[in-house]
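Throughout, residue positions are numbered sequentially from 1 according to the sequence presented. Note that the coordinates shown come from a computational prediction; the quantities given were computed from them, not determined experimentally. All ligand and atom numbering here is 1-based and tracks the order in the structure.
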Amino acid sequence: MRILVISDIHANLSALEAVLEDAGEFEAAWCLGDLVGYGPDPNECIQRVRSLPNLVCLLGNHDAAALGQIDLMSFNPEARQAVQWTQELLTPANLEYLRNLPERHVAEPVTLVHGSPRQPIWEYLLDARTATKNFAHFDTDYCFVGHSHLPVIYHLTEEYPLARLYVPDPQSHIELEPRAILNPGSVGQPRDHNPDAAYAIFDSEALTWSYRRVAYDIAGVQQRMKDHDLPVRHIERLSAGW
Ligand code: ZN
């Protein structure tokens, strides 16, 4: 089965539409959380994701914040402003949708979480040492995560005690070997100095991971953010890709 793997859309509908057009046909979609926060289109992004076939969608920290489940003081001032703006804008139906999202989902041979298998909402996997410890917190061969907005692969073998970190090249096609933790990168707010939207296609029979980047109309999104008086720092970072 050809499965679209997306994460950290962050209310950026233009990036999401570009990914969906670029992805071609897929039989299922796995969304690793953070549908909202930062961007100008929270309701539209939730509705678009909900329309995807055989969807599994997880709760991210920004989604939890929009639901009032997280103390806003744990966010920096600009992120807090974006969360409050999102809270006011979300429709009751979309809030209800977010409220029912799970923190973890297992679809053999993959465990899905937003942050890490150890702390599904909050922990960032930013280095091999932290990733290595997290292999003890899931039982499947693979774990897909988002949250860091960095497209990376951590591979743990029996021969070596520390997971190896790979940063795949855009448009690369990788044959997976157990065990691995994989991050498809961020659709709506990349942070690896490449502003193009990031995503992956997982083939659950061939066990392959196609990691892709696609350009989208960043200026149009930035203009919508300006129109809504969203924080300047969030507007600028979209075109810088950090
Ligand atoms: Zn995020």
Side-chain angles (χ1 to χ4, degrees), residues 4-16 19 29-46 48-49 56-72 74-87 90 94 97-98 101-105 112-126 130-131 134 143-152 181-200 211 213 216 218 221 225 230-231 233-242:
L4 174 72
V5 186
I6 51 177
S7 191
D8 298 278
I9 296 159
H10 285 295
N12 184 337
L13 185 66
S14 304
L16 177 61
V19 162
W30 292 351
C31 175
L32 307 175
D34 277 3
L35 284 87
V36 302
Y38 300 123
D41 321 303
N43 284 308
E44 293 82 355
C45 284
I46 294 173
R48 191 70 181 93
V49 167
V56 175
C57 186
L58 299 177
L59 183 75
N61 58 311
H62 282 260
D63 307 319
L67 291 168
Q69 294 175 354
I70 285 174
D71 182 3
L72 287 184
S74 63
F75 285 78
N76 68 48
E78 287 120 339
R80 193 153 63 227
Q81 186 191 338
V83 169
Q84 283 164 337
W85 179 83
T86 303
Q87 283 175 332
L90 283 176
N94 284 336
Y97 180 73
L98 294 183
L101 294 179
E103 289 186 10
R104 174 191 287 263
H105 181 89
L112 308 173
V113 291
H114 177 63
S116 80
R118 182 165 62 178
Q119 289 178 35
I121 303 290
W122 275 107
E123 187 176 31
Y124 288 94
L125 296 184
L126 296 171
T130 312
N134 267 278
C143 179
F144 295 174
V145 302
H147 194 39
S148 70
H149 298 208
L150 301 174
V152 293
I181 298 174
L182 299 103
N183 188 325
S186 168
V187 170
Q189 199 201 74
R191 289 182 193 159
D192 60 344
H193 300 278
N194 174 353
D196 293 347
Y199 73 99
Y211 158 62
R213 301 301 286 256
Y216 71 96
I218 294 173
V221 180
M225 292 173 79
L230 286 165
R233 203 170 75 92
H234 297 168
I235 297 171
E236 287 173 349
R237 70 191 297 185
L238 274 189
S239 40
W242 59 270

With sequence neighbours left out, the residues meeting ring-ring contact (aromatic ring centres under 6.0 Å, His included) with H114 are H147
| Do R118 side-chain atoms and N134 backbone N/O form a donor-acceptor pair below 3.5 Å? | no
Between the side chain of S116 and the main-chain N/O of L125, is any donor-acceptor distance below 3.5 Å? no
Test side chain to side chain contact (heavy atoms under 4.5 Å, CB included), reference P42, set D63, L90, N12, output is L90
### Message
Below 30° counts as parallel, above 60° as perpendicular, anything between as tilted: where do the rings of H149 and Y38 land?
### Response
perpendicular
Query raised in the report: With distance as the sole test, does D34 use its side chain to make a donor-acceptor pair with the main-chain N or O of H62 at under 3.5 Å?
Result: yes
Near the Zn ion (ligand 1), meaning under 2.8 Å, the protein N/O/S atoms are D8 OD1, H10 NE2, D34 OD2, H149 NE2
